[in-house]
Amino acid sequence: MSAAADAAPPPAAPAAPAGPNHGLRIFLLWLPLAVIADLVIWIVWGPHLPPGTMSSSAANQQFDIKVMAVLAAPVMIFVLTYFGYALIVWRQRDGDTEDGPALHGNSRVQASWITITSVIVLFLAVFGTVELKIANGAGAGEGPSPIWKPGGAPLQVQVIGQQWKFTYRYPQFGGFETTQLVLPEGQWVAFHVTSLDVIHSFWAYQLGVKADANPGVDNVAYTKPEHTGGFVVRCSELCGLWHGAMFDYGRVVSMSAFRTWAASTRVQLAAVTRILPPYATTYDPTVVPQINKAMAKAGIGGANGYYYPPQDPVQP
Amino acid sequence: MAIDIQPEKVKGPGGREPGASRPARPWWLRPAIHTAVAGAVIGYVVGHWLGNFLGSNYQQLPLSDSSDLPIVLGYLLAVVGWIAGLGVFNDPLRQMTGRPVPVEEEDASAAAGLARYFRYSLDHKVVGIQYLVGMIIYFCTAGLFAMAIRAELLSPAYHIFSSSTYVELVGEHGTMMMMLMSSLVVGPFGNYLVPIMIGSKRVAFPRIEALSFWLTPAAFLILFSSLMLGGFPFGWTGYAPLSIQATQGADSYAVAFGLMGISIILAGFNIIVTVICYRAPGMRWSRLPMFVWSMLATSVLMVLAAPVLVGGMYMIITDRTVQTAFFADQLGGSSYLYQNLFWFFGHPEVYILALPGFGIVSEIIPVFCRKPLFGYKTAAAGMIGVTVLSFFVWQHHLFDSGLNPDMRPLFMLTTELISIPTGLIYLVAMGTFWKAKIRFTVPMLFALGMYFNFLIGGISGVFLSDVPADTTEHGSFFVMAHFHYTIMGGLIFAFMAGVYYWLPKMMGIKLNQTIGKIHFWTMFIFFNSTFLPLFAVGLAGQPRRVFEYASNLQTINDWVSISAFCLGGSILIFVINFVWSTVIAREREEGNPWQSRGLEWQVASPPPPGNFARIPVVLSGPYEYGTPGAPPVADLNPPAGVVAAAFTGAPTAAAEA
């Protein structure tokens, strides 16, 4: 990838009739800077680029950002080198009131510039599409019927956004609903993201997953956690007053620890699961007050009989 | 295509001879800003009453004594009262009732003094100054909201404002900047300079042009009044279930944004027709100044994109007031519909904000490089390419939304394609700098700053166009840094270049160049110091529009906040320079201080009423610097008959010369 960008000749190098060869000078200034920048980006900076390598989609995004940085750096350095050179060499000296040469254009320069930018752009489009496909959607929300999905039977996790909290249902474990997000290591996960009220966005930063939570829509995103550890979940779509406080933490654990956690949580929340609406891809938000009432009757739940303690003031 | 204004001249008001002064009315009866305010107050009261009368059975909002209907109707009738008070309807009503219409343009340009700036003036030069001062006021107001946001972000937990105040500030800052700044260049420079640059005595539709300005203070005040109603919690995007759920502050948002949409449609319409129909003889398309090309491209975007916005705002208003269900999922609507409508407008909108900047810098660099613009046709093609492509990229804002997932490669491609015409703007600049004789004046410094900033903004945009990379960057401070680099770093820097370059033309007054240089360097340094770290903040996982963030990001956020306050200080330097130079010092600048070949610099500063004594005949392009034997840009005093002969009998406005 870096070779393609490095090999690109400087597009604006019209043949100088006399005097110093400015095009060659700019090229010689640019080449070492571009090579050094690309090596630094690829070797030194690349492994630390966000969002890290905690999951398959995160690693894929890190690779994409790295490739694009390697392509972008020579372009940026070329433009900046050119302008820097021009401002120093071609500034008007004191006492000089002459105009510059009447150069209206150079079709060779214009044609090569358009060719080079088109090649870069088309390469990026193909590269992005391939990356999107081989990474099974790259952790982005793919709508209710994803066209790129992993094989096998991924773990289903439903993410339900509401003002201003995410909750998670595990349909393969009896459909219990919890405020904790726990995932097993080395297993494909399918997040089914939906919302009960307004648009939220489920962003598991270290996992490289981002999917909008739309009311009435089942938005699916895939990832495969590769390492155990904690990750941050934030809402990344403005959803009202307490959007800024809508975050929590999830964790990736080993497969056996996950099985243990799921089994015990399933038992622990059995009474709640019974009165929840049955698992579905989307929910009609008008049932939520009824759930709260039912839970209050059953003596479950937090303050004021609400399952989700209203620590946040209700939006007027 | 015959635009015949001759009959207007023979009709004197009340059968007077043309040129005779109108019978004087006492000042308080003449339409001006005070009658407009009176009309707005009356309109609001009537509308509020009407809304309560019609909608008394509609849902009453909690914590209020009324539904949304009285507020929306109040705002709408207040706007009608405002423009009626300005006298917008007077001439059309006279025309409809067959009474003579006064030749308002001549009256207005003859009327001296400050009073004409507070009237519905049909002189495009007055409208340009009105826009200039208005836009600076709107920009500074919205900038103060940004200062408040950064003050809150000094701490990772919320500490200064409540969460409700914070989202109000975010919404006001974003909406005010995005909706009002869409006229930042088209308003002042487009209206003032385009007719002069194309050799016309007037614009095509002076009444529409003046109306487009007078809608902006109405939109500004309505948006501002949202704070009294509790603000709106959904930023400038107004995504649907949230904007339907929000309290009455959202009505202000929808009415103000829709109104501004109408204003930019009108402004763009006038510029398009002016450029097409009012060019002087010899002003071929291949001689059109680059700034006029950019104004034409921007106006096309305004006219084609803004109607979608007006439609979207209308749907929000009816969803909120009369219980339609365009965006309610349970009732057959779709929240995706709003996202599509909004971004179908919203993406061309960001090019409405970017293209004028390209135009200004492309206009300025040949003057201070003392060279012809490199690749004139390439530059025009770049602007046209951006204009066309900008309608085919909107779904890249919805990459993670689950909408049309299989279309993402297509939108990835179109988004990346738009970097080709944008790159042409850089090719043109770099070619123009080749072996130039660069003069480091204040406008040139701002133009260089624009190229530097937009480079970072544009390259970061390529990162956002890649779907996998965008999954991390979408909705984070990375996006926020990206569009501040393109809009503030691009448009605002170019606007400042335009102010320093053209204010001597528009007001005949020179801005202080020393303060101008201090302004540039402080603004350039603190702009980059504010927004460059925000790319890192976004990549480190901080979403936009939050008041709580990870505590390990506090140092960098504090750095950004302090830089932002310094950036505000640099804008204050500009305001001080502007006020000092135009009000107190008033250093005259009459000639052609930049030795520019532009047609606008060949007439007096400020240009006389009617711009040109006679319609000029354009002889060559505006960028023929250093060309031996290049003819002057125009013959300002062509022999009689030349102009008429150029049209070979086709009666046009230009033929009146």
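Just so you know, these numbers come straight off a predicted model, no measurement behind them. In what follows, chains are A, B, ... by sequence order, proteins preceding strands, each numbered from 1. All heavy atoms count here, side chains included; hydrogens, waters and symmetry mates do not.
Counting non-hydrogen atoms of neighbouring residues, nucleotides and ligands closer than 6.0 angstrom, the CZ atom of B:F161 exceeds 12 such neighbours.
The contact between A:I65 and chain B is made by backbone and side chain atoms together, counting heavy-atom distances below 4.5 Å. Contact of B:F399 with chain A is made through the backbone alone, with heavy-atom distances under 4.5 Å. Residue A:A221 does not touch chain B at all, counting heavy-atom pairs closer than 4.5 Å. Residue B:F440 touches chain A through its side chain alone, counting heavy-atom pairs closer than 4.5 Å. Contacts between A:S201 and chain B at a heavy-atom distance below 4.5 Å are absent for every atom of the residue. Of the atoms belonging to A:Q206, not a single heavy atom falls under 4.5 Å from chain B. Neither the backbone nor the side chain of A:A135 comes within contact range of chain B, judged by heavy atoms closer than 4.5 Å. Proximity to chain B (any heavy atom under 4.5 Å) is restricted, for A:F247, to the side chain, taken from C-beta onward. In this structure, the portions of B:L424 lying under 4.5 Å from any heavy atom of chain A include both its backbone and its side chain. With a 4.5 angstrom heavy-atom cutoff, A:L87 touches chain B via backbone and side-chain atoms both. For a residue to count as touching a neighbouring chain, one of its non-hydrogen atoms must lie under 4.5 Å from one of that chain's; by this rule B:Y158 touches chain A with the side chain only. Both the backbone and the side chain of B:E473 come within contact range of chain A, with heavy atoms under 4.5 Å apart. The part of A:R234 that comes within reach of chain B is its side chain, from C-beta onward, which places non-hydrogen atoms under 4.5 angstrom from that chain. A:N219 touches chain B through its side chain: at least one heavy atom from C-beta onward sits under 4.5 Å away, while N, CA, C and O do not.
Distance check, rounded to the nearest 0.5 Å: CH2 of A:W203 to OG of B:S476 gives 5.0 Å. With rounding to the nearest 0.5 angstrom, the CZ atom of B:R545 is 5.0 Å from the CG atom of A:L238. Here B:L403 contributes atom CG and A:E142 contributes atom CD; the two are 13.0 Å apart, rounded to the nearest 0.5 Å. Note that the OG1 atom of B:T165 and the CG atom of A:L241 stand 9.5 Å from one another [nearest 0.5 Å].
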Could you go through the side-chain contact (heavy atoms from CB on, under 4.5 Å) check for B:L427 and A:V109 one step at a time?
CA-CA 9 Å; B:L427 170 67; A:V109 170; 4.0 Å; yes

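Using a 4.5 Å heavy-atom cutoff, the side chains of B:V167 and A:H243 are not in contact. In this structure, the side chains of A:V217 and B:Y336 come closer than 4.5 Å at one or more pairs of heavy atoms. Looking at B:K371 and A:W90, their side chains never come closer than 4.5 Å, going by heavy atoms from C-beta outward. Side-chain contact between A:S57 and B:T471: absent, with no pair of heavy atoms (C-beta onward) separated by less than 4.5 Å. Residues B:F368 and A:Q92 are not in side-chain contact: their nearest non-hydrogen atoms beyond the backbone lie 4.5 Å or more apart. In this structure the side chain of A:I199 never reaches within 4.5 angstrom of the side chain of B:L242, judged on heavy atoms.
The closest donor-acceptor contact from the side chain of A:Y205 to the backbone of B:L539 lies under 3.5 Å. The backbone N or O of B:S401 sits less than 3.5 Å from a side-chain atom of A:N214, completing a donor-acceptor pair. Not a single donor-acceptor pair under 3.5 Å links the side chain of A:D197 to the backbone N or O of B:P241. Judged by distance alone, the side chain of A:K210 and the main-chain N or O of B:H474 form a donor-acceptor pair under 3.5 Å. The main-chain N or O of A:V79 is never found under 3.5 Å from a side-chain atom of B:Y426 such that the two would form a donor-acceptor pair.
Of all the listed residues (B:S460, B:P543, B:G475, B:S162), the one sharing the greatest number of non-hydrogen pairs under 4.5 Å with chain A is B:P543. Put simply, of B:P409, B:A550, B:S465, B:G621, the one with the most heavy-atom pairs under 4.5 Å next to chain A is B:P409.
Looking at every heavy atom in both residues, B:R370 comes nearest to A:D99 through NE-OD1, 3.0 Å. Across every non-hydrogen atom of B:R408 and A:A140, the tightest pair is NH1-CB, 3.5 Å. In this structure, A:L124 and B:D466 approach most closely via the heavy-atom pair O-OD1, 4.4 Å. Nearest heavy atoms, B:M412 versus A:T129: CE-N, 3.4 Å.
Ring-plane geometry between B:W434 and A:Y82 is classed as parallel, the angle between the planes falling under 30 degrees on a 0 to 90 degree scale with a further cut at 60.
Taking the six-membered ring where the residue is Trp, the centroids of A:F83 and B:F452 are separated by 6.0 Å or more.
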